There are 2 protein chains.
Amino acid sequence: MRPAALDWSVENCTIARAMEILGERWTVVVLREVFNGVRRFDDMRVRTGIPRQVLTNRLSMLVERGVLRREPYREPGSRPRHEYRLTGMGLDLWPVLVAVLGWGDRYLADPEGPPLTVTHRDCGAEVRAALRCAEGHDVTEPQDVVPVPGPGARRRG
Amino acid sequence: MRPAALDWSVENCTIARAMEILGERWTVVVLREVFNGVRRFDDMRVRTGIPRQVLTNRLSMLVERGVLRREPYREPGSRPRHEYRLTGMGLDLWPVLVAVLGWGDRYLADPEGPPLTVTHRDCGAEVRAALRCAEGHDVTEPQDVVPVPGPGARRRG
DNA sequence: TTGCTGAGTCTGTCAATCAGACCTAGCCTG
DNA sequence: CAGGCTAGGTCTGATTGACAGACTCAGCAA
């Protein structure tokens, strides 16, 4: 059976566009750091082992794309510096990070368990990414999700 | 304030491990194709424009890592071939793909809207990735999620 | 004046990406 | 059974990116 997807163009696919930002080796690791509250160049570098040049590139790319912003700050007794903080666009990446974390925890963790969990501030219970439809139904089986062309779909030329 | 994360090692971080698989330029795009039902080498290549060599590499990497499997099939009147299908581990990437799609749709879509939506098979309503805690509370604000060291956490040496 | 520190830049090496040409197994047609 | 077609690749060479290690630079402090 010929997949229906073959009739539709992928030139404006938003997954591809998102992966142009997120799809470089270290980008998501940098975002993990920022979500964890690590906001300064050298802290990130020491923790992650990312080469300086690459970290510089990734951070400026993320600033340029609007995911992070540079925020000046000044600690008493040192000169003014800046740190990297999430913008609204960046904060909205939480579900992506949590989804990746959940998958990694399930298939790639060491036997003793994952090194990090995310919890709900109010009740302390573990937070996970779940799929839900606009009608409020939970979607647990992958087979229950059907991709369909959206408003911006274009036929292939 | 010094971030607590600095005390913890990241060597066994499951996000980093997941991104070793997902974090290459084309991997997620390949997965998007497979989730959309496009399972054959040439269909993918024509649709995505991925260079042959790279597509070969990505597919065999994904097979090797257990995300895809090669399935032989035979269409009447042609020789036996094989196609790529998701394993259980691969199917569990749905929440990741949907989360990326949701973010991309929100910030990177063309004005006329996203080219693809995912819907619930039963009711046809749009499916989105949401965060929920184990107690069943919905988590809508990024600030309501708190990262804490998990069972596999190691102090930094 | 010299030194320290956070946040870089510069340089050279090595690996990955990419485009484009070439190859190959099995089927089909003449 | 020779030749062609096609899906699914290899091979080759040019460009880009990752990486390590050394160097730079601004401002504070001794």
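The chains referred to below are lettered A, B, ... by the order of the sequence lines, with proteins before strands, and numbering in each begins at 1. These numbers come from a predicted model, not from an experiment.
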Side-chain (A:T27) to main-chain (A:G23) donor-acceptor, under 3.5 angstrom |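 No, the answer is negative, given that no donor and acceptor are paired below the 3.5 Å cut-off.
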Pairing of [X] and [Y] as salt bridge, 4.0 angstrom limit:
X: A:R17; Y: B:D105; result: no
X: A:R81; Y: A:D42; result: no
X: B:R58; Y: B:E24; result: yes
X: A:R47; Y: B:D7; result: no
X: A:E83; Y: A:R70; result: no

How many whole angstroms separate atom [atom1] of [X] from atom [atom2] of [N]?
X: B:I50; N: D:dG8; atom1: CD1; atom2: P; result: 14 Å
X: B:E83; N: D:dG9; atom1: CD; atom2: C1'; result: 17 Å
X: B:R39; N: D:dA7; atom1: CZ; atom2: P; result: 18 Å
X: B:R40; N: D:dG8; atom1: CZ; atom2: C1'; result: 12 Å
X: B:N57; N: C:dT17; atom1: CG; atom2: C1'; result: 10 Å
X: A:L55; N: D:dG17; atom1: CG; atom2: C1'; result: 15 Å
X: B:R25; N: C:dA15; atom1: CZ; atom2: C1'; result: 18 Å
X: B:R45; N: D:dG9; atom1: CZ; atom2: C1'; result: 10 Å

Determine whether any donor atom in the side chain of B:E24 lies under 3.5 Å from an acceptor atom in the base of C:dT17, or the reverse, and answer yes or no.
->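 It does not, because no donor-acceptor pair links the side chain of B:E24 to the base of C:dT17 below 3.5 Å.
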Listed nucleotide nearest any side-chain atom of [X], set [options]:
X: A:W26; options: D:dC11, C:dG8, D:dC19; result: D:dC19
X: A:P51; options: D:dC19, D:dG9, C:dC18; result: D:dC19
X: A:F41; options: C:dA7, C:dC18, D:dG8; result: C:dA7

Dump the pairs, protein N or O against N or O of nucleotides 21-26 of chain C, anything under 3.5 Å, distances to one decimal.
residue : atom : partner : partner atom : Å
C:dA25  : N3   : B:R79   : NH2          : 3.4

Report yes if at least one side-chain N or O of A:Y84 is closer than 4.0 Å to OP1 or OP2 of C:dG8; otherwise report no.
->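 Result: yes.
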Short side-chain N/O contact from B:H82 to OP1 or OP2 of D:dG9, under 4.0 Å =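 Affirmative; the distance criterion is met.
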With sequence neighbours excluded, give me every ring pair (Phe, Tyr, Trp, His ring centres under 6.0 Å) pair touching residues 5-61 of chain A.
->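 Every ring pair (Phe, Tyr, Trp, His ring centres under 6.0 Å) pair that includes a residue of residues 5-61 of chain A, provided the two are not neighbours, is A:F35-A:W94.
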B:D42 or B:Q53, whichever maps to the more 5' nucleotide of DNA chain D =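 Mapping each residue to its closest nucleotide by heavy atoms, the 5'-most match is B:D42.
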